[in-house]
2 protein chains.
Amino acid sequence: MSTIHDVARLAGVSIGTVSRVLSGNPATSPESRERVREAALQLGYTPNARAQSLRLARTGVIGLSISDVRNPFFADAAHGAEQEALAAGRVTMLANADEDSAIEARYLRAFRAQRVDGVLMSPQGGSAEGARSLVEAGIPVVLLNRTLDGVDAPVVTFDVRQGIEQAIMHLRDRGHRRIGLIAGPVSVSTGRARVSAFESIRDELGLDPAPELVQLADGRRGGGADAAERLLDLSPAPTAVLSSNALMSSGAFEAIRGRGAAVELVSFDDQDWMRLVDPPLSVIEQDAAHMGAVAMRLLLELIDGGSPRSVTLPTRLIPRG
Amino acid sequence: MSTIHDVARLAGVSIGTVSRVLSGNPATSPESRERVREAALQLGYTPNARAQSLRLARTGVIGLSISDVRNPFFADAAHGAEQEALAAGRVTMLANADEDSAIEARYLRAFRAQRVDGVLMSPQGGSAEGARSLVEAGIPVVLLNRTLDGVDAPVVTFDVRQGIEQAIMHLRDRGHRRIGLIAGPVSVSTGRARVSAFESIRDELGLDPAPELVQLADGRRGGGADAAERLLDLSPAPTAVLSSNALMSSGAFEAIRGRGAAVELVSFDDQDWMRLVDPPLSVIEQDAAHMGAVAMRLLLELIDGGSPRSVTLPTRLIPRG
DNA sequence: GGCGCACGTGGAAACGTTTCCGAGCGGGGA
DNA sequence: TCCCCGCTCGGAAACGTTTCCACGTGCGCC
């Protein structure tokens, strides 16, 4: 790989001049510009970004740590964030924490070692240590979708209460009185928030308050199926079930259909298949890509010295079936 | 952010000693080790990976460019590759090309500027320029799922012919004689390969060779729906349709159901929803995560000075409905 | 016709590491 | 007692950039 010295030698100028030409510094003669451009092209020269960022303070790279690339919700969020960064001339480095805080910690250490300009992350449950140490090291951080106790960083979340309320009122209007909840892991803030919003709205509306109607699951497909089985085992079983994410909904749907049970399922997050199955699922739509884009914009502001601010996004009920 | 100089000052030793202690060089006294460790901990010191990689040749970072994070096939592949890299002590930097060769080019330039140790990529159609320039710059490259004309890099692909053959024979055994194909874009090698494999196997088995039974699409959901509509408009319409990827299958499924048509749909790539819809879809399963892992192993070998080799993976038909 | 000024350039420092080289110091063997 | 060796360490060079500083050149102006 050729360096700036090679270019300088070939162009017959000093490395300072090469640097000036290539970085668009006006203090260069047309002849130098021509010769340097020519030489750089001929050698296929690409400046070493690591050396650049050593000299400059910035790296132009933004770390993006998400919970699970295979979860479409997070994949969409990552995509939205990435597009926004790209538009601002930055490059993102995506890390997949795989819902595992040990892997997350590893990537966050790498981000820190790489001296990324900022980090956008949807934190894992387990430990807030990784995020906290980033914040303490002075690296701009914005949290995605989940909050973290004791970490002083802006967050972009959806209005959980609004979403749950929309869903429960929809089900109540359709005559349901006994509604089950398949909740995500309480180790993440969204999991906890959804449980408490569910309980409080259910009680406000005077629906069946039996505690066994709230079943905790791990957020994965299998966990959703198991939780659905447990709900169906109750007597009487709930006539409607609200599921906290798309993966669990898929498991729950299969369990319910396997039993031939007549239970109405409502899911968080809209996905194509929810329209394709019979009956189609009503959903609480959360625009993940938008969330990612908003969060990235916040992070870019923060990096450019702006003040931290958090945003709560609305959800939208899409009634079906 | 503290540097090695800060640690050295606090520990009362030279930076050379700090470096030796922290990199596990045995030429250090127990007292130095103790003092340095203590100081590093106290300062929350993280070595600057960019400075390290400037001095060393390696960066420990592997670039991973995939076509579309939102496509579960590629998300799985990325996940498999990432796990493999993680196990080998490397960190991956994921770039989402979004099926756009301009974005891809941008990320590949960034990879090159960052001097990543190697690049694993599922190339876009359009231009092979990006991949070629990496190879010419001497950066180890392995291609994922798609080949690229004129680029001398190992590839990991699935056995297209085998997959198509399994699907067509399955359909023939179920009595179908007029089978449609929704093909991916011919700008990518898999798109082209599937069309020619389809045509040759169809002819070998003596099935209806009408050229209008092969419909090209863009690989996206909407394109799949449109192609399905065109197939259904034929008279006679095909009684079975093979779709080249999961996104297009979802569009095609909806179109077929919307028409109330009695057409058997078989899809490449297995996804959860294909089991949930009615009727469930038979699929040609391609283990994307495994592909990613295999490709990463090949890349790691290449980085460590091994010789390049390509791998073709088998597909598996899962008959349903 | 000198003086100063703008402009272009080369040289060198600095960014934060790793590693080589040489030096100091102590101990053991002749 | 002296020498040599091994252990530990500090100093400095090098990696590839950017940018500051100073210097030379040519021009316009008094």
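The chains referred to below are lettered A, B, ... by the order of the sequence lines, with proteins before strands, and numbering in each begins at 1.
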* Write down the distance between CG (B/L54) and P (C/dA14), rounded to a whole number of angstrom. => 17 Å
* Asked: Are A/V151 and A/L134 close enough that some pair of their side-chain heavy atoms sits under 4.5 Å apart?
  -> no
* Asked: To the nearest angstrom, how far is A/H5 atom NE2 from D/dT17 atom P?
  -> 8 Å
* With a 4.0 Å heavy-atom cut-off, tell me which residues in residues 14-22 of chain B come close to DNA chain D, sorted by residue number. => B/S14, B/T17, B/R20
* Asked: Between B/N71 and B/F73, is there a donor-acceptor pair closer than 3.5 Å when you use the side chain of the first and the backbone of the second?
  -> yes
* Please report, rounded to the nearest Å, how far the P atom of D/dT17 is from the CD1 atom of A/I4. => 5 Å
* With a 4.0 Å heavy-atom cut-off, tell me which residues in residues 28-52 of chain B come close to DNA chain D, sorted by residue number. => B/T28, B/S29, B/S32
* So does B/R132 pair up with B/E129, basic N to acidic O under 4.0 Å? -> yes
* Counting only heavy atoms not in B/R220, do more than 12 fall under 6.0 Å of its CZ? -> no
* Could you state the atom-to-atom distance from CG of B/D6 to P of C/dC15 in whole Å? => 11 Å
* Give a yes or no answer on whether the side chain of B/R146 reaches the backbone of B/P123 with a donor-acceptor pair at less than 3.5 Å. => yes
* Asked: When the distance from CG of A/L56 to P of C/dG16 is rounded to whole Å, what number comes out?
  -> 12 Å
* To do: Identify whether the distance between the nearest side-chain nitrogen and carboxylate oxygen of A/R106 and A/D98 falls below 4.0 Å.
  => no
* **Residue closer to the 5' end of DNA chain D, B/R115 versus B/A27 (nearest nucleotide)** => B/A27
* To do: Assess whether atom CG of A/D152 is packed by more than 12 heavy atoms of other residues, nucleotides or ligands within 6.0 Å.
  => no
* Check: B/D76 side chain, B/A288 main-chain N or O, donor-acceptor pair, under 3.5 Å -> no
* Structure fact -> Separation of D/dC7 atom P from B/N25 atom CG, nearest Å, is 13 Å
